[in-house]
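Working notes for the structure below.
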Amino acid sequence: MPKITILPHESICPEGAEFEAEPGVSVLNAALRQKIRIEHACEKSCACTTCHVILREGFDSLEEPGENEEDYLDKAWGLEPESRLSCQAIVADEDLVVEIPKYTINMVSENH
């Protein structure tokens, strides 16, 4: 099974984490199963950017993002070429190293 490494994030996962994930599960669901609380304001429906992550390793093993995901990624804080919405990034057969950005844009909780 592929291994997911979550890099340390000061409030979500201060120590970082490492765990195995079954292929076919989203990066978000795999993290949530490990009690890593990546925000997901739209309940995993690809309708916001709160679950934005950066794949530091393994990016090319993921399927290409769909048009809807790309449209939302354009609005994400700290967008990088290896950015994905973790609700849409499906684990394949390679290990992944995931960075959770320091900030997220949540239109619901930020009163926008």
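Heavy-atom basis, side chains included; hydrogens, waters and symmetry copies ignored.
For the atom pair CG of D60 and CD of E82, the computed distance is 8.5 Å after rounding to the nearest 0.5 Å. The line from NZ of K35 to SG of C13 is 13.5 Å long, rounded to the nearest 0.5 Å. The distance from atom CD of E69 to atom CD of E64, rounded to the nearest 0.5 Å, is 10.0 Å. In this structure, C46 SG and Q88 CD are separated by 4.0 Å, a value rounded to the nearest 0.5 Å. Of the inter-residue distances, the one linking I100 atom CD1 with E10 atom CD reads 11.5 Å to the nearest 0.5 angstrom. Atoms CD and CG, from E99 and L55 in turn, are 10.5 Å apart once rounded to the nearest 0.5 Å.
When side chains are defined from C-beta on, K44 counts as touching N29, because their heavy atoms get closer than 4.5 Å. Side chains of Y72 and L85 form a contact here, defined as non-hydrogen atoms less than 4.5 Å apart. Side-chain contact between E20 and Q34: absent, with no pair of heavy atoms (C-beta onward) separated by less than 4.5 Å. The side-chain heavy atoms of C87 and C51, taken from C-beta on, include a pair separated by under 4.5 Å. Residues E94 and P2 form no side-chain contact, since every pair of their non-hydrogen atoms from C-beta on lies 4.5 Å or further apart. When side chains are defined from C-beta on, E57 does not count as touching L96, because their heavy atoms never get closer than 4.5 Å.
Linking ILVMFWY side-chain heavy atoms closer than 4.5 Å, directly or via other members, places V97 and F59 in two distinct hydrophobic clusters. Tracing side-chain contacts under 4.5 Å through hydrophobic residues (I, L, V, M, F, W, Y), one reaches L28 starting from V25; they form part of the same cluster.
Looking at D95, its side chain does come within 3.5 Å of a backbone N or O of K3 through a donor-acceptor pair. At least one donor-acceptor pair closer than 3.5 Å links the side chain of H40 to the backbone N or O of I38.
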- Task: In sequence, state the C-alpha distance, the side-chain angles, and the governing distance for I36 and F19, and then conclude on side chain to side chain contact (heavy atoms under 4.5 Å, CB included).
- Result: CA-CA 11 Å; I36 300 168; F19 52 90; 3.7 Å; yes

- Task: Apply the test side chain to side chain contact (heavy atoms under 4.5 Å, CB included) to residues L7 and V98: give CA-CA distance (whole Å), side-chain angles for both, the deciding distance (0.1 Å), then the verdict.
- Result: CA-CA 6 Å; L7 297 176; V98 178; over 6 Å; no

- Item | From CA spacing to verdict: side chain to side chain contact (heavy atoms under 4.5 Å, CB included), V91, E22 | CA-CA 7 Å; V91 176; E22 298 219 8; over 6 Å; no

- Task: Start with the C-alpha distance between H52 and S83, add both sets of side-chain angles, then the distance that settles side-chain hydrogen bond (donor to acceptor under 3.5 Å, both in side chains), and finish with yes or no.
- Result: CA-CA 7 Å; H52 167 230; S83 289; 2.8 Å; yes

- Any chance you could lay out the side chain to side chain contact (heavy atoms under 4.5 Å, CB included) test for L79 and L73, step after step, and finish with the verdict? CA-CA 7 Å; L79 184 67; L73 278 171; 4.0 Å; yes

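Taking each heavy atom of L62 and A89 in turn, the nearest pair found is CD1-CB, 3.9 Å. In terms of heavy-atom proximity, A47 sits nearest to C42 at N-SG, 3.3 Å. In plain terms, the two heavy atoms of R84 and E63 that are nearest each other are NH1-O, 2.8 Å. Residues M1 and P23 approach most closely at CG-CD, 4.3 Å, considering heavy atoms. Among all heavy-atom pairs drawn from S26 and S86, the shortest one is CB-O, 3.5 Å. Closest non-hydrogen pair, A30 versus I4, comes out as CB-CD1, 3.9 Å.
When the shell of 6.0 Å around CD of E70 is examined, it contains more than 12 heavy atoms from other residues, nucleotides or ligands.
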